[in-house]
Protein chains: 2
Amino acid sequence: MTENQPASLAISAALRADILAGVIEPGARLRQDELASRFGTSRIPVREALRQLEAEALVINDVHRGARVAPLTLDETLERMEIRVALECAALKLAVPAMSELDFEMLETILAEYDLAEEPAQWTACNWAFHTALYAPCNRPTLLALIQANITNADRFLRLRLSQTTGKERPQIEHREILAACRAGDAARAAALLEGHIARARKSLATAMRLSRPAR
Amino acid sequence: MTENQPASLAISAALRADILAGVIEPGARLRQDELASRFGTSRIPVREALRQLEAEALVINDVHRGARVAPLTLDETLERMEIRVALECAALKLAVPAMSELDFEMLETILAEYDLAEEPAQWTACNWAFHTALYAPCNRPTLLALIQANITNADRFLRLRLSQTTGKERPQIEHREILAACRAGDAARAAALLEGHIARARKSLATAMRLSRPAR
DNA sequence: GACACCATGATTGGATCCAATCGTCAAACT
DNA sequence: AGTTTGACGATTGGATCCAATCATGGTGTC
């Protein structure tokens with residue numbers, strides 16, 4: 001058991017998970033006392049955790065007025081999809097020349113799992129596994145970390161509102177096209193396909209939101 | 001006087017500035033007691049500040065072993081230049097169609113100041129002012145914040161090691177070319193020029209470092 | 001002499017307690 | 001009646017104190 005992790009890290013991890021999963025709603029107040037008793041600690045590690053999450057843009061901290069979960073707007077999510085295009089296309093272009101046969105097999109395996117998956121939660125898991133494995137060969141730790149952080153924030157909105165508006169089939173077809181381009185060593189084409197893939201998801205999200213609610 | 005800012009924010013701001021300016025060297029230990037007495041507070045706000053900076057990737061925190069300034073490697077800086085290309089080209093493409101005559105005048109003014117600037121510190125200030133003003137019209141707060149954070153981290157290395165290896169003239173010529181493309185409404189050309197502009201800076205940094213030191 | 005082991009100081013992590021600020025509500029004043 | 005003011009509870013920010021862990025140096029044993 002490597003439970004050497006200090007309380008503040010455990011708290012920030014738990015809070016982060018709850019915020020991303022929507023267990024704690026956007027805009028909800030995060031009282032230090034409440035959290036402290038929930039985690040069985042004093043308020044000190046709670047405050048450190050809140051500081052960390054504030055730097056991650058997941059909570060907002062008003063001086064002497066407490067912390068609350070950062071409200072996630074549709075605009076921000078759409079922005080994050082644009083950022084995804086920029087970062088992930090760059091990573092993919094760098095990754096394609098570095099891909100080995102082992103990478104291709106790994107990606108195939110993930111897509112096969114995707115085919116078998118039935119519940120939306122599994123789709124999204126396979127989806128992120130595919131994207132992550134797709135960029136990994138680029139060997140750029142900072143870029144990969146930034147991509148991960150950005151996806152984490154975008155994913156927050158998706159999990160809340162909808163479970164894949166587009167269905168399961170279409171994205172998978174696009175995944176296979178992207179993988180084929182990677183096998184062919186055509187980085188530019190792979191990046192172009194990826195851009196369309198993400199842009200399409202962005203658009204379907206925008207329309208779905210416009211239909212369900214006026215704005216926000 | 002709006003000195004309502006809590007100590008932890010003042011400390012994190014001061015430390016951030018010192019780290020970015022190179023006053024505190026990469027890898028240096030950051031003892032909580034030391035910082036507390038330096039800022040005239042207890043260790044509590046110091047710890048919060050360190051947590052925040054840790055989330056910003058400026059310090060590294062080892063459990064029960066203290067914090068130290070994150071070592072900045074050449075590899076990471078080169079990566080951040082790649083990330084700059086991806087993010088800033090995307091922002092510029094979005095900004096060009098939204099630029100007004102007022103934006104062009106503002107950009108011209110900044111370039112005129114650049115021409116007059118004599119000290120390297122002024123160059124870099126004008127340089128960042130130009131880039132910031134160039135992307136601002138895109139009206140994407142999240143993207144702009146990400147660009148700012150990334151530049152902040154990349155800039156850290158530059159300030160430490162060299163004061164503009166490329167000199168002052170060449171970048172300025174490129175700035176004017178970019179601005180001309182923006183005026184012409186040619187977003188694609190402006191983005192291509194910007195990519196070359198940043199990529200050139202990246203390359204000159206890489207060679208300068210290779211010449212001055214073996215690796216690291 | 002080299003290595004393992006333990007004791008001590010240094011340093012971080014956390015808990016408890018106090019001070020400062022914000023929100024709310026009631027009372028007083030115009 | 002409406003507005004302002006003040007007092008109180010709730011909550012956050014910070015200081016001091018204690019516990020847990022790491023680093024260092026000495027000592028003993030082989």
Side-chain angles (χ1 to χ4, degrees), chain A residues 1-20 23-72, chain B residues 1-20 23-72:
Chain A
M1 288 299 168
T2 60
E3 278 303 347
N4 274 346
Q5 159 177 265
S8 61
L9 288 185
I11 294 173
S12 64
L15 279 181
R16 188 183 303 111
D18 280 354
I19 292 173
L20 294 178
V23 175
I24 311 180
E25 290 207 1
R29 287 198 63 178
L30 296 170
R31 263 173 266 267
Q32 297 177 4
D33 266 328
E34 200 175 317
L35 295 173
S37 61
R38 169 180 163 193
F39 291 104
T41 68
S42 83
R43 283 167 35 217
I44 300 291
V46 171
R47 284 168 55 177
E48 290 181 24
L50 290 176
R51 272 304 152 120
Q52 186 173 340
L53 295 175
E54 184 189 18
E56 295 174 21
L58 288 178
V59 316
I60 294 178
N61 225 322
D62 291 323
V63 181
H64 279 293
R65 211 172 301 177
R68 61 182 198 282
V69 178
L72 189 52
Chain B
M1 287 300 168
T2 62
E3 278 302 347
N4 275 344
Q5 162 176 262
S8 62
L9 288 185
I11 294 172
S12 64
L15 279 181
R16 186 183 304 111
D18 280 355
I19 292 173
L20 293 178
V23 175
I24 311 180
E25 291 207 0
R29 287 197 63 178
L30 296 169
R31 263 173 267 265
Q32 296 177 4
D33 266 328
E34 200 174 317
L35 295 173
S37 62
R38 169 180 163 191
F39 290 104
T41 69
S42 82
R43 282 167 36 215
I44 299 291
V46 171
R47 284 168 55 177
E48 289 181 26
L50 290 176
R51 269 303 149 95
Q52 185 173 340
L53 295 174
E54 182 188 18
E56 295 174 21
L58 289 179
V59 315
I60 294 179
N61 224 322
D62 292 322
V63 182
H64 277 293
R65 212 171 300 178
R68 62 182 198 281
V69 178
L72 189 50

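Closest to the side chain of Ala7(A), from the set dT12(C), dG14(D), dG14(C), is dG14(C). In the set dT12(C), dC22(C), dT12(D), the nucleotide with an atom closest to the side chain of Gln32(B) is dT12(C). Among the nucleotides dG13(C), dT12(C), dG13(D), the one closest to any side-chain atom of Asp33(B) is dT12(C). Listed nucleotides dA20(C), dG14(C), dT16(D) differ in distance to His64(A); the shortest reach to its side chain belongs to dA20(C).
Rounded to whole Å, the distance from CG on Asn61(A) to P on dC22(C) is 14 Å. The CZ-P distance, from Arg68(A) to dT12(D), rounds to 13 Å in whole Å. What separates CD of Gln5(A) from C1' of dA20(D) is a distance of 16 Å, to the nearest Å. Atom CD1 of Ile44(B) and atom C1' of dC18(D) are 12 Å apart (whole Å). Taking atom CD of Glu48(A) as the reference point, atom P of dA15(C) lies 11 Å away to the nearest angstrom. A straight line from CG of Leu50(B) to P of dG14(D) spans 14 Å, rounded to a whole angstrom. Look at CZ on Arg29(A): it is 13 Å from P on dA10(D), rounded to the nearest Å. For Leu35(A) and dG13(D), the CG to P distance is 13 Å, given to the nearest whole Å.
Residues Ser8(A) and Thr41(A) fail the side-chain proximity criterion, which asks for heavy atoms closer than 4.5 Å. At a threshold of 4.5 Å between non-hydrogen side-chain atoms, the residues Ile24(A) and Leu30(A) count as touching. For the pair Gln52(A)/Glu56(A), a side-chain contact is recorded, criterion being any heavy-atom separation below 4.5 Å from C-beta on. Considering only heavy atoms from C-beta on, Ile11(A) stays 4.5 Å or farther from Glu48(A) through its side chain.
Residue-level contact check: Leu30(A) touches the backbone only, with heavy atoms under 4.0 Å from sugar-phosphate atoms and none from bases. Using a 4.0 Å heavy-atom cutoff across all strands shown, Arg31(B) reaches sugar-phosphate atoms only and no base atom.
The base of dG14(C) has none of its N or O atoms less than 3.5 Å from a complementary donor or acceptor on the side chain of Arg43(A).
Dashed line: the shortest gap from a side-chain N or O of Arg47(B) to OP1 or OP2 of dT12(C) is not under 4.0 Å.
When all heavy atoms are compared, the tightest approach of Leu58(A) to Ile19(A) is O-CD1, 4.2 Å.
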